[in-house]
Number of protein chains: 2
Amino acid sequence: MGKSVRGLRPAWSYGCNSEGVDAISVRPARIQDVAAAAGVSVSTVSNVLNRPERVNARTAERVRDAVAALDYVPHPGAAGLRTGHSSSIGLVLPDVANSFYSRIARGAADAAYEHGYSLVLCDSGDAPEREQGYFTMLIEQRAVGAVVVPLSADPTRLSRLRERGIPLVLADRAMPAQEGCSVSVDDIAGGRVAVQHLLDRGARDILVVNGERTIRQCADRYQGARQAVRTRREARLGQVVAEEMMTVAYGSDIAHGLDELPDGVFCTNDFLAAGLCRALGERGVKIPEDVQVVGYGDLDLASFVGTTLTTVRQPVEELGRAAVEMLLDEVEARTEHAHEARVFAPALVLRDSTRASSDAPF
Amino acid sequence: MGKSVRGLRPAWSYGCNSEGVDAISVRPARIQDVAAAAGVSVSTVSNVLNRPERVNARTAERVRDAVAALDYVPHPGAAGLRTGHSSSIGLVLPDVANSFYSRIARGAADAAYEHGYSLVLCDSGDAPEREQGYFTMLIEQRAVGAVVVPLSADPTRLSRLRERGIPLVLADRAMPAQEGCSVSVDDIAGGRVAVQHLLDRGARDILVVNGERTIRQCADRYQGARQAVRTRREARLGQVVAEEMMTVAYGSDIAHGLDELPDGVFCTNDFLAAGLCRALGERGVKIPEDVQVVGYGDLDLASFVGTTLTTVRQPVEELGRAAVEMLLDEVEARTEHAHEARVFAPALVLRDSTRASSDAPF
DNA sequence: CCCGGCACGGAAAACGTTTTATTCGGTGCC
DNA sequence: GGCACCGAATAAAACGTTTTCCGTGCCGGG
């Protein structure tokens, strides 16, 4: 941020920048020009545009003709100056290139578009100071609200926005309901359904390959796994925890280090699962005949790890979409707005890694 | 678009929306308040903020203190009203959830942030009318410029923006240089390097699994392949073209339909390659011992298709970054700006699918 | 015929900046 | 001692809207 944004010519200044034959761009029409062309006052034009019911149908049509003739495009910036708010929404997330977040972005973009808002992409790139920088930017722009996937769980980070009265929806992190809205996926249910599936397929000796237990998602998914195992007396549950990152390499390490094989494995993310599947394959273990594997997240890669991977799908786009819609509900609410922590159900996606025969994996 | 964005309370109107204990948000400080607090005029404050060199150091400091004390945040919208332009850049692309585009978005976001611009995410979702809708939105906002990955090659689609004098940079599609800037990857070089690699590894009977030849990228990659083959007298080149989509399923079909096996395959995208690898595996064909395979694109999944996949990596983030920077160069240029069609070199990523022994695949 | 009310449309004041003139003390020079 | 000039600071006019308050002309009822 910060490098100055000045010294720019307005777009319509003396045209032709290349070969001289360029179209000379003209000063865009203002509401005043429209008014003049239609032979009415400025306020009438504004009314036609914003509350057509207040103006006579015949005059309205004259105005609309003038708008079309002049190719008039209203200037929401100027309007915002008067009304006190813009029509843009911030989307703050750690990394759009990460497929999880880019799916959130997709959903958010859809929703924002449908409601006529513009979405400002704020990729904090895992840098807290940059996250703060974006908060400042959103405050400057008088953003109407923000959807945030915060870098850390520390809620004080968000205080700057809240102080300025910018409504917030947290995504993928729960928030105490009285503090505001949030959207997230039910990870306990996800863990439960994954392990339940393994049990249904006949597995009895279940291993959970997990991330650090301090990560809420990991803890929840394990808890779900426990719930599922409790429903079967004869089932056993083990866990191995990745100390560092939940990566493909680590999944591979786990698989190579395993002394005795379980008959069902639940990896709490797809990277772990991918690595594990591959390494098991190298050890000559057949999936799903010898070991059944379930991943989590339904990354694109989940379909392709040698044998395709049964996994848990999270409705990520829905998260983004719902976040924006809840935000707008709060923002547009003329009456009261009750904060809400909406939780989505994950779904199991069946693929080869848990299925003995295969009926068309795609 | 279009649903009205009105009837919103300004952010600072009577506060407390939940339990009454909420912070009552106050009307944000204006430049006028700062001026009063510092005992100077409005214009002096503006000068301190925008061209500090014009104002006495002592007064400047007084002003800055006042700014800090009041927690003053300037309002770029109002400034834009005066100066005639905003500080936002449009990023128009077909689908952020597609990893190729989300990587572009990442690069663009980084660059925009570093230059103090905000990036408006416009996901056209493969719908031409939505793309046009976003163009309108960018015109309304007086965006300072736009980076566009257009849905179709038809250049007239872009005319609306150009008429309004909004600078454009095309990404992943070349543009005649006198029309404006563009960024793209050298697909001919990519095809050449891929097939060259197969030849170097000893393959002589090369098959290209391609998409429709009307797609420029496909045609270019094939042309590169031909160039490589011509350098070896004894090498042969075949091609099979996917009529419809370049999908995993199609790659799989190809592999199953093959009568006699080549010893090297170049798939012009990673989806095709993934499907092909898997299907060959099912037929008992060993990769890379029997057939060596090179994909294209370096999707995340490329690392994981059973045997990891040698492929061509495109500097996608660079594309996004460069696009924004070229845009800003044009926009901020006080002097002339020469349009440029910058072309990036793809790089080959070596993985198991072409390597007999394996030295650490990651 | 006069008056109250109604339906339309208009004038003008905000909104928060930037920027062009302009003023105002000083200072050095003749 | 007067003059021109200079740096520093200011007043005021935009920028393009929205919206509040009024004016006007028309109608029907008394």
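All values reported here derive from a predicted model rather than from experimental measurement. To find a chain, count down the sequence lines: A is the first, B the second, and so on, and within it residues start at 1.
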Phosphate OP1/OP2 of dT18(C) contacted by N50(B) side-chain N/O (<4.0 Å): yes
V92(A) side chain reached by V147(A) side chain, heavy atoms, under 4.5 Å: no
Side-chain donor-acceptor distances from residues 69-82 of chain B under 3.5 Å, at least two apart:
from	atom 1	to	atom 2	distance (Å)
D71(B)	OD2	R164(A)	NH2	3.2
H75(B)	ND1	G77(B)	N	3.0
H75(B)	ND1	A78(B)	N	3.1

L49(A), V48(A), T59(A) screened by side-chain contact (heavy atoms from CB on, under 4.5 Å) with R64(A), the one that passes: V48(A)
D33(B) bridged to R30(B) by N-O distance under 4.0 Å: yes
Touch class at under 4.0 angstrom, heavy-atom based, for V42(A) against every strand present: base
Separation of dG9(C) P from I31(A) CD1 (nearest whole Å): 15 Å
dG16(C) phosphate, OP1 or OP2, under 4.0 Å from R30(B) side-chain N/O: yes
Among dC15(D), dT18(D), dT10(D), the nucleotide that comes nearest once only the side chain of T83(A) is considered: dT18(D)
side-chain N/O R142(A) vs dG16(C) OP1/OP2, d < 4.0 Å: no
DNA chain C-proximal residues of residues 63-73 of chain B, any heavy atom under 4.0 Å: Y72(B), V73(B)
From dT17(D), dT10(D), dT18(D), nucleotide with atom closest to A78(A) side chain: dT17(D)
Touch class at under 4.0 angstrom, heavy-atom based, for P76(B) against every strand present: nothing
Test item: P128(A) and R157(A) side chains (from C-beta on) under 4.5 Å apart, heavy atoms: yes
Heavy-atom side-chain proximity of I31(A) to S46(A) below 4.5 angstrom: yes
Passing option when Q141(A) is tested against S87(B), S86(B), S118(B) for side chain to side chain donor-acceptor pair (under 3.5 Å): S118(B)
Given dT19(C), dG16(D), dA9(D), the nucleotide with the shortest approach to the side chain of V55(B): dA9(D)
Nearest-Å distance for atom pair CZ/C1', residues R51(B) and dT19(C): 6 Å
Residue mapping more 5' on DNA chain C - nearest nucleotide basis, A79(A) or R54(B): A79(A)
Under-4.0 Å side-chain N/O to phosphate OP1/OP2 contact, S43(B) with dA11(D): no
Among dT10(D), dC15(D), dT18(D), the one nearest L81(B) by side-chain distance: dC15(D)
Any side-chain donor near an acceptor of the partner, S41(A) and T44(A), under 3.5 Å: yes
H85(B) NE2 to dA14(D) P, straight-line distance once rounded to whole Å: 20 Å
Between P of dG16(C) and CD of E140(A), the distance in whole Å: 15 Å
side-chain N/O S41(A) vs dG10(C) OP1/OP2, d < 4.0 Å: yes
Rounded interatomic separation in angstrom, taking CZ from R62(A) and P from dC8(C): 14 Å
Separation of dC8(C) P from E53(A) CD (nearest whole Å): 11 Å
Donor-acceptor pair under 3.5 Å, R82(A) side chain vs dT17(D) base: no
For atom CD of Q141(A) and atom P of dG16(C), their distance in whole Å: 17 Å
Rounded distance (Å) that lies between atom C1' of dC21(D) and atom CG of N47(A): 13 Å
Which nucleotide in dT19(C), dA9(D), dG9(C) has an atom nearest any side-chain atom of T59(A): dG9(C)
